[in-house]
Amino acid sequence: MSRLKLGVIGAGVWGKNHVRTAAGLADAELAAVCDTDTKVRDRVARQYPVTHVTADVVDLLGRVDGVIVASPAASHARIALQCVEAGKPCLVEKPFALTVRDAEAVARSAADRKVSVAAGHLLVFHPAVERLRALVQEGELGKIFYLYGLRVNLGQIRADENALWSFGPHDVSMALYLLNDQPIRVAAQGRSYLQPGVEDVVFLTMEFASGILAHVQLSWLDPHKERKLTVVGAKKMVVFDDMEPREKLRIYDKGVDRPPEYGSYGESLAIREGDIFIPKIPNIEPLAAELSHFVRVARDGEVPRASAADGVRVVRVLDAATRSLAAGGTPVTL
Ligand SMILES: NC(=O)c1ccc[n+]([C@@H]2O[C@H](COP(=O)([O-])OP(=O)(O)OC[C@H]3O[C@@H](n4cnc5c(N)ncnc54)[C@H](O)[C@@H]3O)[C@@H](O)[C@H]2O)c1
C-alpha cells in the first residue's frame with residue numbers, strides 16, 4: 001500500500017512533536033511542513049532535508065494527502081476549512097475551534113464535501129483511557145456516580161488562551177469519551193492572577209442527564225504537576241495517574257454496599273475495602289497512536305475516533321463554561 005503524504009501546519013512547541021512522529025510513521029511520509037516563522041522553517045529544513053518546507057498553506061495543500069493542523073488555536077477553524085475545501089482530510093489540534101459557530105462550520109463543510117476531519121483529542125488514544133473506557137462501558141465499575149480530574153502544573157503561561165481552553169479540551173474530551181455522553185449543564189469559576197482577562201486557574205463542573213457529576217481543576221499556576229482522573233462507581237473506583245511511569249491505572253475494589261434486606265437506614269451501609277488491581281497497560285505513545293489512526297482515516301476512510309462532531313461537542317462545553325465564568329459561576333444549560 002502506498003505511503004500517505006502527510007503535511008504539518010504549525011511546527012512550534014507542540015507541532016514539532018507531530019513533525020517528529022509523522023516522520024517516523026511506517027505507512028506515511030512527512031511530505032511538507034508549513035510555518036509562518038522563518039526560524040521554525042529553518043529548523044525543520046535542517047532536521048528533515050527531504051521534506052518540503054513552506055510558509056504557504058496552499059503550497060503545502062498541493063503536496064499532501066492529509067494534514068495535521070498544529071498552528072495557534074485562533075487559526076484552527078480557518079485552516080481546517082481551507083483543508084476541507086482542498087479535499088484534504090485533516091486532524092485539527094485542540095481546541096478544535098474557539099467558537100461553536102466556527103466548530104460547526106468546519107463540521108458542516110466536512111460533511112458536505114465528504115472530507116474526513118478529526119479532532120485532536122489526544123487522550124482518547126491513551127491506552128489507559130481505552131482500558132478505563134472499557135471498564136466504564138462494560139459495567140465493571142457498576143453505575144458511575146461521579147468523576148474528577150486534576151490537570152495542574154507551573155507554566156506554560158499562554159496569553160492567547162486561558163487555562164480552560166488550553167487544558168480543558170483534554171479532560172472534557174476524555175469525560176465525554178469515557179461516559180459516551182454529553183453534559184446538560186456546565187458551571188465554571190476561575191481567576192486571572194497573572195494577566196488581566198486570561199484565567200490561570202479554572203474549576204469546571206459538568207452535569208449529565210444520568211446524574212453523573214464531573215469536575216475538573218485546571219491551572220498553570222500550581223506547585224504540582226498532576227495529570228489525574230478518579231472515577232467513582234457503585235462497585236469499583238479507578239484512578240488514572242498519567243504522571244506514573246508504569247502503573248497508570250489502579251482499580252480499587254472499594255465501595256459502600258447496602259444489603260437488599262435493609263431499607264434506607266445509614267447504619268446498614270457497609271464499607272467494602274477490597275483489593276487494588278493494577279492492570280498491565282501497553283506502552284504505546286498516544287501521539288503515535290493518534291497519527292497512525294489518522295493515516296487510516298485519511299487513506300482508508302476509517303471513521304475518526306474523535307470526529308469533527310466530537311470537536312463541536314467539546315467546544316460547546318468550553319463555550320458554555322466561558323459563559324458561566326463570565327457570570328461568576330452561574331450554571332449554563334446546554
Ligand atoms: N494535544 C496536546 O497535547 C497539545 C499540547 C500542546 C499544545 N497543543 C495545541 O497545539 C497548538 C499549537 O500549540 P504550540 O504550543 O505548539 O504553539 P506555538 O505557538 O509554539 O506554535 C505554533 C506554530 O504555528 C506557527 N503559525 C502561526 N500561524 C500560522 C499559520 N497561519 N500558518 C502556519 N503556521 C503558523 C507559528 O509560527 C508557530 O511555530 C495549540 O492549539 C495548542 O493548544 C496541543
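Screening residues 227-251 for ring-ring contact (aromatic ring centres under 6.0 Å, His included), with sequence neighbours left out, gives His126-Phe240. Under the side chain to side chain donor-acceptor pair (under 3.5 Å) criterion, no residue pair touches residues 324-334, with sequence neighbours excluded. For residues 278-333, every residue pair satisfying the ring-ring contact (aromatic ring centres under 6.0 Å, His included) rule, not counting sequence neighbours, is listed here: Phe125-His293. Pairs of residues two or more places apart, or lying in two chains, never qualify as ring-ring contact (aromatic ring centres under 6.0 Å, His included) while including a residue from residues 187-209. Pairs passing the side chain to side chain donor-acceptor pair (under 3.5 Å) check and including a residue from residues 203-227, sequence neighbours excluded, read Asn153-Arg227, Arg185-Glu207, Asp200-Trp220, Thr205-His215, Asp222-His224. For residues 72-113, the set of pairs meeting the ring-ring contact (aromatic ring centres under 6.0 Å, His included) definition, not counting sequence neighbours, is empty.
Residues forming a side chain to side chain donor-acceptor pair (under 3.5 Å) with Asp35 (at least two apart in sequence, or on another chain): none. Residues passing the side chain to side chain donor-acceptor pair (under 3.5 Å) test with Glu138, sequence neighbours excluded: none.
When each of Ile144, Asn180, Leu147 is checked for a side chain to side chain contact (heavy atoms under 4.5 Å, CB included) with Val136, only Ile144 meets the rule.
Between Glu244 and Lys228 there is no salt bridge, since no side-chain N of the basic residue sits under 4.0 Å from a carboxylate O of the acidic one. Asp319 has a carboxylate O that lies under 4.0 Å from a charged side-chain N of Arg323, or vice versa, which qualifies the two as a salt bridge.
The hydrophobic cluster analysis finds Ile184 isolated: no Ile, Leu, Val, Met, Phe, Trp or Tyr side chain comes under 4.5 Å of it, directly or through other members. Applying the 4.5 Å side-chain rule to ILVMFWY residues, one finds Phe145, Tyr146, Tyr148, Leu213, Val232, Val239, Tyr252, Ile276 in the same cluster as Met237.
Of the N and O atoms on the side chains of Asp112 and Ser109, not one donor lies less than 3.5 Å from an acceptor on the other residue.
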Give every donor-acceptor pair under 3.5 Å between a side-chain atom in residues 77-89 and any protein atom, sequence neighbours left out.
from: Lys88; atom 1: NZ; to: Leu61; atom 2: O; distance (Å): 3.3
from: Lys88; atom 1: NZ; to: Val64; atom 2: O; distance (Å): 2.8

Contacts table for residues 10-20: side-chain donor-acceptor under 3.5 angstrom, sequence neighbours left out:
from: Trp14; atom 1: NE1; to: His18; atom 2: NE2; distance (Å): 3.4
from: Trp14; atom 1: NE1; to: Glu93; atom 2: OE2; distance (Å): 2.7
from: Lys16; atom 1: NZ; to: Val13; atom 2: O; distance (Å): 3.4
from: Asn17; atom 1: OD1; to: Arg20; atom 2: NH2; distance (Å): 3.4
from: His18; atom 1: NE2; to: Glu93; atom 2: OE2; distance (Å): 2.7

